[in-house]
Every structure is written in structure tokens, then in C-alpha cells.
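What follows is a set of notes on a single structure, which appears directly below.
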Amino acid sequence: MIGGLLDRSDSRVERIVPPSGFTASLTVLSAAAMAFLAVFIGAISMSASRVADDWGAALGDKATIRLSAPAETLQDQIDAVMTIAAQTPGVVGARQLTEDEQRALLAPWFGTDAALEGLRLPVLFDLTLEGDGPDIEGLRRRLQGEAPGAVYDDHARWRLPMVRAADRMSSVAGVSLVLIAAIGAAMVALAASASLSANRQIIGVLRLVGAKDVFITRIFVRRFTLRTIGGAVTGSIAGMIVVVLMPGGGGFIDLRFAGAGWLWPALVPLAGGGISYMATRYAAFRRLKELS
Amino acid sequence: MIGGLLDRSDSRVERIVPPSGFTASLTVLSAAAMAFLAVFIGAISMSASRVADDWGAALGDKATIRLSAPAETLQDQIDAVMTIAAQTPGVVGARQLTEDEQRALLAPWFGTDAALEGLRLPVLFDLTLEGDGPDIEGLRRRLQGEAPGAVYDDHARWRLPMVRAADRMSSVAGVSLVLIAAIGAAMVALAASASLSANRQIIGVLRLVGAKDVFITRIFVRRFTLRTIGGAVTGSIAGMIVVVLMPGGGGFIDLRFAGAGWLWPALVPLAGGGISYMATRYAAFRRLKELS
Amino acid sequence: MVEFDSVSVRFGDRALFDGVSLSLPAGSFHFVTGPSGAGKTTLLKLCYLEMAPEAGEVQLFGKETERLGRDEVADMRRKIGVVHQDCRFVDHLSVSENVLLPATATGVDIRDVDDNMSQLLAWVGLSRHRDRRPPELSGGEKQRAALARAVILSPDLILADEPTGNVDWEMSLKILDLLVELNKSGKTVICATHDLSLIRQAKTRAPARVLRIRERGIELSGADL
Amino acid sequence: MVEFDSVSVRFGDRALFDGVSLSLPAGSFHFVTGPSGAGKTTLLKLCYLEMAPEAGEVQLFGKETERLGRDEVADMRRKIGVVHQDCRFVDHLSVSENVLLPATATGVDIRDVDDNMSQLLAWVGLSRHRDRRPPELSGGEKQRAALARAVILSPDLILADEPTGNVDWEMSLKILDLLVELNKSGKTVICATHDLSLIRQAKTRAPARVLRIRERGIELSGADL
Ligand SMILES: Nc1ncnc2c1ncn2[C@@H]1O[C@H](COP(=O)(O)OP(=O)(O)OP(=O)(O)O)[C@@H](O)[C@H]1O
Ligand SMILES: Nc1ncnc2c1ncn2[C@@H]1O[C@H](COP(=O)(O)OP(=O)(O)OP(=O)(O)O)[C@@H](O)[C@H]1O
Ligand SMILES: [Mg+2]
Ligand SMILES: [Mg+2]
């Protein structure tokens with residue numbers, strides 16, 4: 001395939017089918033639009049899956065137990081919490097926060113210089129989770145029985161739907177990419193078919209003088225593949241520029257490529273060329289069969 | 001225009017130009033893709049501008065002053081803060097939070113039953129802002145001079161870039177809509193031109209027997225406009241379905257239409273028809289001039 | 001009806017006509033003859049405004065044609081019936097639809113010309129073929145269909161470019177008869193042909209005159225041939 | 001070379017050929033004649049495989065043609081030169097490019113046939129027009145260009161459909177001479193024409209035979225006409 005496309009074109013052969021400016025522009029424009037979309041939606045997909053990963057990781061990783069208890073039962077309850085945490089599957093670590101850490105957490109409210117000594121702060125435990133985390137209902141029941149002043153907080157109440165959303169967004173974007181590829185293929189195939197139809201008289205003449213299908217097909221395939229690649233390169237560059245210029249701001253908005261993501265805009269025209277090659281070949285052979 | 005399109009078509013006239021399946025499918029497909037995008041990106045634009053408005057309003061509306069001071073100067077500093085707030089342009093109201101309100105704010109940390117009585121909490125003031133809010137630097141300097149324990153917090157530190165991002169997102173989406181309309185118009189015009197070119201022999205025959213430009217143009221314009229509307233309706237419906245099925249989750253992700261936004265998917269095919277009518281007419285008259 | 005005033009046509013460096021003046025009155029019957037490539041088709045193209053002369057003036061129906069817009073050209077063509085040398089049809093329409101095309105394209109009510117069409121198709125021997133598409137016709141059948149289309153709206157001026165190029169002698173005479181009949185009913189007829197025996201036949205039936213294309217000019221031959 | 005074995009062709013309810021058998025040996029020269037619509041073009045189409053018979057067999061170059069794939073048909077066509085009745089060209093290519101098309105389409109090196117082309121174009125009087133595009137040619141010039149294209153690769157079988165339909169008598173004789181010459185160099189020639197005087201002329205120059213298409217059949221006429 002690559003060889004065939006990169007061959008120094010035989011201009012005498014190329015000239016046989018007229019360049020038909022409008023179908024050509026239409027193909028280039030469609031390819032550019034599809035490549036632009038592919039780059040853009042690829043960026044969305046990558047960013048959404050990044051967000052889902054990050055938040056999902058944070059979410060699966062950490063939980064807090066907050067314990068407020070009268071002084072007389074406090075140490076018992078602290079011990080109970082540590083025991084429960086150690087025995088609960090899905091929890092791999094539990095650590096009581098130091099006073100300094102708690103003070104840092106409260107700084108926004110009391111200022112750093114506030115005297116917290118006089119205050120009976122709740123005790124905070126930082127849990128490290130693994131996998132899907134603990135069985136939350138079971139854990140809560142056990143805490144209620146053995147350390148009634150303890151409250152389990154898995155940070156997930158508000159984040160879970162967003163992680164799910166990011167995940168779904170990422171799959172919607174992935175499906176969209178497949179759709180874009182399919183629509184792009186359909187567009188190129190239709191444009192090539194329209195071109196073959198418009199040139200059926202020339203094809204008739206070529207057949208009259210003994211041209212074979214491969215000869216005719218090659219002209220169209222070569223032409224449409226090159227046009228698609230040209231359009232896709234333009235569209236990819238435009239898409240890349242827009243993505244780079246997109247506002248940052250974290251979360252769902254930060255579409256900018258990261259790491260290997262930068263390869264994506266380069267991959268799109270290549271994929272476009274491949275899709276176009278297949279689509280045009282298929283369309284050409286089909287049409288030629290019909291025209292015979 | 002509408003009249004011309006809805007006329008019961010004269011099948012004898014319609015038949016003169018062959019229906020050319022491939023250009024037709026290509027036009028319908030392009031129109032559908034463009035309408036889909038228009039609906040989708042319209043939803044993004046509306047959602048982003050909704051977010052920007054909401055957050056922008058919240059951001060411009062509220063600020064907090066937090067005062068921690070030794071008991072002996074506390075009342076002086078409270079008075080100073082209230083005076084400064086009243087004198088600062090851009091601040092339209094200042095209110096000291098009640099103890100209950102403060103307790104509610106601290107509940108996540110201490111539980112609702114925690115005894116806050118023994119604790120010297122900082123005093124919180126809720127400011128209502130107007131317009132662009134106060135001159136922050138000036139306000140901070142004045143607070144430092146007259147109530148050194150007071151800290152101004154305008155909540156904006158982390159939200160401002162997001163609001164800006166949402167705003168930019170909304171304008172990017174708006175520009176994209178214009179681009180989509182332009183690309184759609186170009187696609188229809190190119191498809192119509194390609195169709196006119198492919199049918200130049202028929203046009204030659206029509207001219208030979210005395211057909212005028214309007215006669216020829218009408219066939220193509222009617223056909224392409226109807227095709228575009230057909231494609232756009234399909235694309236809009238698809239876009240609407242996808243948008244409705246999109247994950248919610250608030251913020252940038254909630255693309256679902258609200259209120260008058262539901263009109264958007266209905267508007268898109270109408271606009272598509274209008275664009276197609278203009279684009280095809282323009283293309284047809286231009287091509288006919290060239291072909292003469 | 002058709003008037004040329006010092007008309008010049010050149011293709012590249014070759015002058016085909018150089019200052020040709022002609023005046024073909026309404027109701028006349030002219031043959032155009034000359035060797036292949038002499039300019040017969042070009043002469044007819046000048047008459048139906050497919051082509052404009054490089055210099056000089058062409059007048060049709062008493063009107064100057066030089067600065068006509070596309071719509072005015074269309075108006076004029078409605079009064080001209082043309083049999084193109086390579087019979088141009090709309091290939092996916094049936095023969096009868098093609099023959100009716102001048103009516104369809106100019107908004108004439110089909111019912112007014114339907115009888116006319118049936119008669120015409122019978123005349124040129126294509127009644128059986130009326131629902132065929134042109135590519136399914138033989139060469140001669142196409143020429144006859146083109147002739148039927150040219151005269152369907154009974155135009156004032158009939159231009160026929162080799163209408164007998166692909167038909168046998170018998171059919172040639174039949175076509176000639178049709179042209180003669182049209183001429184007798186008052187139409188102006190100009191017919192290009194390279195077939196001298198056809199012209200000889202014509203002279204026995206109508207006062208036809210011959211325009212012979214010579215080096216850069218056109219010469220009106222008399223009755224002798 | 002060309003063999004028909006009880007070939008039948010019907011269009012709709014009309015049988016054009018009904019069990020026709022023929023055998024045209026290599027090196028022979030045949031005219032096909034008959035009134036317009038008799039089936040001359042159809043006969044030639046059967047010979048270059050544009051059409052398959054409804055019943056019966058067509059053999060070309062000693063090979064059965066019924067179940068040939070598209071590529072095999074292409075291979076066979078390379079050995080056949082066709083002058084189509086309505087001269088099909090690639091309109092945006094120059095005349096010389098069109099004449100060279102059989103070489104281009106089959107991968108023959110252009111340099112090997114370039115001289116041949118120049119000679120041929122001179123022969124048919126189109127040297128001046130070699131860089132023109134076909135729509136800029138006159139009817140007769142197109143036919144001559146089509147003839148040049150048909151013989152450029154010196155095919156074994158030459159099929160000419162009314163090659164003199166649009167040219168004057170002098171040029172007709174010139175084209176006839178070319179066909180006779182090709183036949184003398186061993187090519188098989190089949191030429192459809194409705195021009196009986198051309199056939200009479202041909203008989204004075206070569207042992208041409210005549211296939212006359214009659215009601216549903218083909219009849220080989222002898223020397224008399
Ligand atoms: N558009 C054009 N551009 C260049 N040359 C042209 C064009 N049209 C015609 N010619 C040339 O002008 C000459 C006259 O052409 P025309 O078609 O009028 O001849 P004709 O008398 O009709 O010949 P024939 O009997 O073969 O049809 C020819 O040599 C042709 O090649
Ligand atoms: N594809 C087709 N479908 C239907 N009928 C056809 C088709 N091709 C040819 N015919 C009919 O078959 C008959 C023979 O056609 P053909 O073209 O062989 O005639 P011809 O002898 O070449 O006539 P001419 O001298 O006018 O060219 C004609 O009546 C024609 O209408
Ligand atoms: Mg001519
Ligand atoms: Mg024929």
C-alpha cells in the first residue's frame with residue numbers, strides 16, 4: 001500500500017481521470033473535519049480517563065474515621081478503631097493523625113495561631129484502602145457496636161458520581177471516535193463512489209481499450225487516499241492548535257495533551273489514510289462490478 | 001423559499017436530473033454529522049455558560065472575613081471590620097455569623113454534638129458584594145491597619161480560573177457552532193457543485209432546448225435542501241438522544257438541555273435547511289455561469 | 001431570419017470564417033455542405049448561439065445577438081429546433097420524455113404536445129421504442145429521435161446537423177421528406193450534410209439552395225451541383 | 001477468429017438474432033450491412049464482448065467467451081480495436097493522449113508507439129489537431145481519431161462501426177484504404193456500414209464479403225450486391 005502511494009505518480013495515468021475540483025474539495029474538507037473531531041474528542045477522552053483515574057485512585061485509596069468520645073472511654077475507642085481497621089478486609093493501613101496534622105486541617109477556620117490546646121478535638125484516623133475498599137455497611141455496623149463515637153467517612157459520597165461520569169464520558173468519547181472513523185470511512189467511500197459514477201464514461205472508454213479493474217481502481221484509490229491524508233493533516237493540526245489553546249483549569253476542562261497523548265494528532269492522519277485506502281478500494285471494486 | 005420547497009413536486013421536472021445515489025447519501029450523511037455536532041456543541045455551550053453564570057454569580061456575590069483576636073481587642077476589631085465593610089465600595093452588606101451558623105460550618109469536623117462552648121472560635125463575617133467586588137488589595141491593607149486579626153477571603157482563589165475557563169469554553173463552543181455552520185454550508189455547496197458538474201451534459205441538453213437558469217437551479221436547490229433537512233433532522237435527533245443519555249454529575253459534565261435549550265435540536269435542522277438553500281443557490285448560479 | 005454580417009471565426013491560428021456575410025430569409029431551405037472539418041457544424045452553432053463570432057454580427061429573428069444574456073439566449077432557443085451532430089440526450093429518461101424535453105423545460109403543458117409527439121414518433125419509426133432509454137437505441141434511431149425533439153414545439157427555425165449521417169438511404173429520404181414538409185409549412189430549414197445525393201434529391205422536391213463552405217468563406221451554389 | 005454458434009439476442013419481446021451461426025476466419029474482411037436498427041452495432045458488440053448473447057456461444061480467437069471474468073475480457077479486448085459508432089473519448093485529454101490510451105491503459109511503453117501514432121494521425125489528417133481535445137473536433141475528425149485509436153496497438157481484430165458515417169466521400173475512400181491495408185497485413189476486419197457505394201468500392205480493392213442482416217438472421221452475400 002505505502003509503496004503504491006509513494007510511487008512517483010505516472011502523470012499520464014493520473015491525467016486520465018479529471019481532477020474534479022468539487023469532489024476533491026469535499027473529500028479534503030470532510031477529512032479535515034473528521035480529523036479535527038478525532039483529535040478533539042481524543043483529547044476529551046484522554047482527559048476524562050485521566051480524571052477518572054486520578055479521582056478513582058484517590059477515592060479508592062483514602063478514607064477517614066472521626067472519633068469524638070468522652071475522655072473516659074476515648075483510649076478504649078481509639079484501640080477499638082485500630083483493631084477494627086486492622087481486621088477489616090480492604091483496609092491496608094490505619095494511622096491516627098498527629099495534633100500538628102489536625103491543626104493544619106483546621107487552619108482555614110481558626111488561623112494558624114489559634115490556641116487549640118484548650119479544645120477537645122475529635123481524633124482522626126487516616127485509612128489506606130485497597131481494591132474496592134471495605135464493605136462499608138459492615139464496617140459502620142461494627143464501629144457502632146465497638147466504638148460508638150466513631151464515624152466512617154469514605155470521601156466518596158460526592159466524588160463517586162463524578163468519577164462515574166468521567167468514566168462514562170471517556171467511553172462516550174471512545175465510542176464517538178469509532179463513530180467518527182466509521183462516518184469518515186463512509187464519507188470517503190461515498191465520495192469515491194460519486195466520483196466513479198461521475199466518471200463512468202471514462203471508465204467505459206478505459207474498458208473498451210482493455211484496461212483492467214486494478215488499473216482503474218489504482219487511480220481513484222491513490223487520489224482519494226492522498227486527498228484524505230492531506231485533509232486529515234490539516235484537520236489534525238487545527239485540532240491540535242485548538243486543544244492547546246483550550247482553557248486549562250483542571251478537571252474536565254483540561255484537554256491539553258499529556259505525555260504520549262501528543263502522538264495522537266500524528267496518529268489521526270495515518271489512521272485516516274488507512275481508512276481511506278480501505279474505503280476507496282472497497283467502493284471502487286464494488287462500483288466497477290456494478291458498472292460492468 | 002418555503003413555498004418553492006413544499007410545492008407538490010412536478011415529477012417530470014424532478015426526473016430530469018438523475019437522483020445520483022452517492023452524492024445524495026454523502027449530502028445526507030454530512031448534514032446529519034453537522035447537525036449532530038451542532039446539537040452536541042450547542043449543549044456544551046449552553047452548559048458551560050450556565051456554569052459560568054452560576055459560579056460567576058456566586059463568586060461576585062459573596063466573601064468572608066475571618067477575625068481571630070485576643071478577647072481584649074475583639075469587640076474593637078469587630079466594630080472596625082463592620083465599619084470598613086460599610087465604607088468599602090463594592091461591598092453592599094456585612095453580617096456577623098451567628099454561633100449556630102458557625103457550628104453548622106464546623107460540623108464535619110467536630111460532629112454536631114461537640115461542645116464548642118469552651119472554644120474560642122474566630123468570628124466570621126459574611127459579605128455581600130456587587131459588581132466586580134471591592135478593591136481587594138486596598139481592603140486588605142485597611143484591614144491590616146485597623147483590624148490586624150482579620151483575614152479577607154473572597155472564595156475566588158480557586159474558582160476564578162474555572163469560571164474563566166467555563167466562559168472561554170462557552171465562547172469556543174460558540175465559535176465552533178459558527179464553524180460548523182460554515183463547514184456545513186461549504187459541504188452542501190461543494191456537493192451541489194459536484195452534482196452540477198457531474199450532470200453538465202444534461203445541463204447542456206436542457207440549455208439546448210431553451211431551459212433558463214432558474215429552471216435548472218430549482219431542481220438542484222430543491223433536492224439538496226430537502227436532503228440536507230432530512231439529514232439534519234436525523235443528526236439532530238441522534239444528537240439529542242446522546243445528549244440526554246450523557247452522564248449528569250453537575251458542572252461541566254451536565255450537558256442536558258434546560259428550559260428553552262430544548263428548542264435547540266429543533267432549530268438546527270431549520271437552520272440547516274436555510275443554510276443549504278442559500279449555499280446550493282449560490283453554488284448553482286455560479287456553476288451555471290461557468291458552464292455557459 | 002438568419003443574418004451574418006462579416007462574421008469571422010478562428011480556432012487558434014486557423015481562420016475558419018473570415019468576414020462571411022449571409023442572409024437567409026424566413027421560409028427558406030438551405031443545405032450546408034463542405035468537406036469534413038470545413039465548418040458546417042460551426043456555422044450551425046453560430047445560428048443557435050452556442051458560439052459567438054470573434055468579429056462581425058449574427059442576427060436572428062431580426063435581433064442582434066451579441067450582447068444577449070443567458071435567459072435571452074434561452075428565449076431565442078425556444079424558437080429554434082436543433083438536431084445536434086452527436087444527438088445529445090438525457091440518457092436516463094425515456095425516448096418520449098426526451099422528445100418532450102423542450103416542453104418540460106419551457107413549461108409548455110405536455111397535454112398540448114402529446115398528440116404531436118405520438119405522430120412524430122410514428123413518422124420517424126420510433127413508436128415501438130418510446131419507452132426505451134436513448135443508449136438502447138441504434139445510431140440511426142437516435143438521430144431520428146433527435147429530429148423529433150427538434151421539431152416537437154414546431155419552432156420557426158430548424159437546424160439539422162447531418163440528420164442522415166447514420167441512416168440508410170430509405171430512411172434518409174423519409175427524413176428529407178419531413179424537412180421538406182416543415183419547410184412548406186413555413187419553417188426555415190438549414191441542414192448540414194456531406195451527402196451530395198441527398199441534396200440532389202432535395203432539389204427535386206423543394207427550392208433548396210446550397211451553402212458550400214470553401215476556404216474561409218461560404219459560397220451560395222445555385223441549382224446546379 | 002470470430003465464431004457464432006446459434007447466437008440469439010432479444011430486446012424485450014423483439015428477437016434481433018435467432019440462432020445465428022457464423023464463422024469469420026482470421027485475415028478476412030467483412031462488411032456488415034442492413035437498415036437502421038437491424039442489429040449491426042449489436043453484432044459488433046457481441047464481438048467485443050460488450051454484450052453477451054442470450055443463447056448460443058461466441059468464440060473469439062478460438063476461445064469460448066461465455067464465462068470470462070472481467071480481467072480476461074480486458075485481456076481479450078487488448079487484441080481488438082474498436083471504432084465505436086459514437087466515438088467514445090476521454091474529453092479532457094488531448095487527441096494524441098486519447099489515441100495513446102490503449103497503450104497507457106495496458107502499460108505499453110509510450111515510446112514504442114509514439115512513431116506509430118504520429119504516422120497514424122498524419123494518415124487520417126489530424127496531425128494539426130493532436131493537441132486539441134475531442135470536443136473541439138468536428139464529427140468527421142472524431143471518427144478518424146477513433147479509428148487511429150483502434151489500430152494504434154495493431155490489434156488482430158478490427159471492428160469499425162460506421163467509420164465513414166460523418167465524413168465526405170473522399171475521406172471515406174481514404175479510411176477504406178487504411179482498412180484494406182490493415183487487412184492485407186493480416187488483420188481481420190469487420191466494418192458495419194449503411195453505405196452501399198463504399199462496399200462496392202471496397203470490393204474493387206480487396207476480397208471483402210458482406211454480412212447482410214435480415215429478419216432475425218444474418219446472410220452472407222456473395223460478390224454481387
Ligand atoms: N472548440 C473548438 N476549438 C478548436 N477548434 C475547433 C473547435 N470547434 C471546431 N474546431 C475546428 O474547426 C473545424 C471545423 O469544425 P466543424 O465541426 O464546424 O466541422 P464540420 O464541417 O462540421 O465537419 P464534419 O463534417 O466532420 O462534422 C474543425 O477543423 C475543428 O477541428
Ligand atoms: N440495450 C438495448 N436495449 C433495448 N434495445 C436495444 C438495445 N440495444 C439495441 N437495441 C435495439 O436493437 C435494435 C438494433 O440495434 P443496433 O444498434 O444493433 O442497430 P444498428 O444496425 O446498429 O442500427 P444503426 O444503423 O441505426 O446504427 C434497435 O432497434 C435498437 O433499438
Ligand atoms: Mg460537423
Ligand atoms: Mg449502429
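Here is how names work: the chains are called A, B, and so on, in the same order as the sequence lines, proteins then strands, and each is numbered from 1.
- Looking at A:Thr23, both its backbone and its side chain come within 4.5 Å of chain B, counting heavy atoms on both sides.
- Most heavy-atom pairs under 4.5 Å with chain A: of the set B:Ala198, B:Ser195, B:Ala194, this distinction falls to B:Ala194.
- Taking the side chain as every heavy atom from C-beta outward, A:Ser193 and B:Leu26 never approach each other to under 4.5 Å.
- You'll find the side chain of B:Arg287 reaches within 4.5 Å of the side chain of A:Phe22, heavy atoms only.
- Of the two parts of A:Leu37, only the side chain, counted from C-beta on, holds a non-hydrogen atom closer than 4.5 Å to a non-hydrogen atom of chain B.
- Judged purely by atom type and a 3.5 angstrom limit, A:Thr280 uses its side chain to pair as donor or acceptor with the backbone of A:Ser276.
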Show, in sequence, the C-alpha distance, side-chain angles and deciding distance for A:Arg281 and A:Thr217, and conclude whether the side chain to side chain donor-acceptor pair (under 3.5 Å) test is met. CA-CA 7 Å; A:Arg281 248 178 94 87; A:Thr217 305; over 6 Å; no
